[in-house]
Amino acid sequence: MQAPSIAVVGEALIDLVPTSPTTYAARPGGGPANTAIALARLGSSVTMLARFGADSFGQLVREHLIGNGVDVEHAVRAEEPSSIAIVTRATDGGASYRFLVDGTADWRWAASELPSLPAAVAAVHSGSLALALADSPALESWLAAARSTATLSIDPNLRPGLLPADAQGAVQRWLHIGDIVKVSVEDIALIYPGVDPWETARQWQKSGPALVIVTAGADGARAFFGDHELAADAVKVSVVDTIGAGDAFTAGLLHALAARGRLGGRLDHLDEADVGAALGYAVNVAALTCTRPGADPPTATELSAGRATSRAVSRR
């Protein structure tokens with residue numbers, strides 16, 4: 001089997017999504033798993049390193065990944081149960097989450113469960129709850145080592161009530177090992193309440209990552225790299241909900257950078273053409289994800305047929 005070109009590491013859990021005021025549907029979710037599926041649907045070759053729970057939910061998530069073309073050869077069949085996220089939808093389609101994570105599979109990584117990377121893996125993406133709540137430093141240490149051969153992408157994807165014990169210290173560590181750090185304005189507000197998210201991103205980019213991306217929902221997204229700053233407007237769509245939109249954005253960004261041959265190193269020579277194309281593409285992928293319920297990112301064909309169009313413009 002040909003080695004995948006992008007590896008995604010992190011949680012694969014169950015979203016309980018409301019289908020009526022009194023009923024919920026169990027749907028595969030988890031930020032990294034959503035990103036892996038979105039990458040595969042866009043046409044990237046991708047493998048998922050996850051700890052699948054020892055229950056029917058774990059099997060459901062595993063089959064969902066496989067059914068969407070994600071390789072799970074290096075995933076772990078864990079002894080713990082699956083994590084669960086209970087979703088609440090706001091009237092504007094925004095989503096909030098309550099997590100059941102005590103004693104579950106996603107946070108218990110051991111060094112022996114994390115394989116050496118195949119040479120053909122150009123990038124590794126991680127973050128979200130599996131990194132924030134890890135019971136040991138095994139996952140973070142593995143990511144730092146993986147950066148010797150692959151571009152490292154991190155999305156903190158932080159949640160109220162489930163922050164690392166030292167959230168600011170954790171983010172600083174991730175900034176030092178990540179080549180790409182994608183955050184939302186909500187992430188930044190949780191870590192540094194009341195600060196300007198754009199100025200925070202500028203300072204973060206100077207501290208290590210070659211590329212910092214900030215998403216701001218209806219206000220679009222911005223990219224910070226070198227002396228450059230690009231902005232892409234959000235696409236106006238009929239929003240069903242925002243579940244998985246940020247994960248789809250990350251997948252679109254990585255897929256577009258890979259298509260332009262930019263992954264596989266330290267990203268020392270990014271230019272506005274590369275980043276602008278990737279930023280606009282990512283916004284379009286996220287927009288189409290918002291037009292249907294749950295974490296259901298578009299395929300490459302659906303994206304081509306869609307009317308979502310966003311282009312990045314320089315702010316400097």
Worksheet entry | Residue pair L133, F99: steps toward the side chain to side chain contact (heavy atoms under 4.5 Å, CB included) verdict | CA-CA 12 Å; L133 302 182; F99 292 92; over 6 Å; no
Does [X] reach the main-chain N or O of [Y] with its side chain, forming a donor-acceptor pair under 3.5 Å?
X	Y	value
S148	A145	yes
S44	A40	no
D15	V17	no
D179	L152	yes
D187	V183	no
R147	G178	no
W109	L131	no
N68	V70	no
R51	A105	yes

Discussion item. Ignoring hydrogens and geometry beyond distance, is a side-chain donor-acceptor pair present between T301 and S304 at under 3.5 Å?
Written reply: no
Practice prompt. State whether a side-chain donor-acceptor pair under 3.5 Å links E11 with S128.
Written response: yes
[X] to [Y] - nearest heavy-atom pair and separation:
X	Y	result
S82	G58	OG-N, 3.1 Å
V285	G252	CG2-CA, 4.1 Å
P297	R41	O-NH1, 2.6 Å
G264	T151	N-OG1, 2.7 Å
A286	A245	CB-O, 3.5 Å
A150	V124	CB-CG2, 4.1 Å

Practice prompt. Could you give me the CA-CA distance, side-chain angles and deciding distance for V121 and T149, then say whether side chain to side chain contact (heavy atoms under 4.5 Å, CB included) is met?
Written response: CA-CA 8 Å; V121 171; T149 59; over 6 Å; no
Is [Y] reachable from [X] through a run of hydrophobic residues whose side-chain heavy atoms are each under 4.5 Å from the next?
X	Y	value
L16	L162	no
V76	V101	no
I154	W107	no

What is the distance from atom [atom1] of [X] to atom [atom2] of [Y], rounded to the nearest 0.5 Å?
X	Y	atom1	atom2	result
M48	H125	CE	NE2	9.0 Å
I37	L42	CD1	CG	12.0 Å
S184	I213	OG	CD1	13.0 Å
L253	L257	CG	CG	4.5 Å
E302	D296	CD	CG	7.5 Å
E272	L230	CD	CG	5.0 Å

For [Y], is there an ion pair with [X] - N to carboxylate O distance below 4.0 angstrom?
X	Y	answer
K182	D155	yes
R108	E79	no
D274	R262	yes

Worksheet item: Counting only heavy atoms not in D102, do more than 12 fall under 6.0 Å of its CG?
Response: no
Worksheet item: Looking at residues at least two apart in the chain, or sitting in another chain, which of them share a ring pair (Phe, Tyr, Trp, His ring centres under 6.0 Å) with F225?
Response: H228
Validation row: [X], [Y] side chains within 4.5 angstrom (heavy atoms):
X	Y	answer
V46	D71	no
L100	I86	yes
D241	R292	no
K206	Q203	yes
L13	F57	no
S238	T291	no
Q59	F52	no
L49	L114	yes

Discussion item. Quick one, Q172 with Q168, criterion side chain to side chain donor-acceptor pair (under 3.5 Å). Give me CA distance, side-chain angles, the key distance, then yes/no.
Written reply: CA-CA 6 Å; Q172 287 301 317; Q168 292 186 11; over 6 Å; no
Discussion item. Between I180 and L254, does the side chain to side chain contact (heavy atoms under 4.5 Å, CB included) criterion hold? Intermediate values first, please.
Written reply: CA-CA 9 Å; I180 301 169; L254 294 175; 4.0 Å; yes
Fill in: Stepwise side chain to side chain contact (heavy atoms under 4.5 Å, CB included) test for V61 and I14
CA-CA 7 Å; V61 175; I14 288 293; 3.7 Å; yes
Worksheet item: Sequence neighbours excluded, which residues qualify as salt bridge (charged side-chain N to carboxylate O under 4.0 Å, His left out) partners of R77?
Response: none
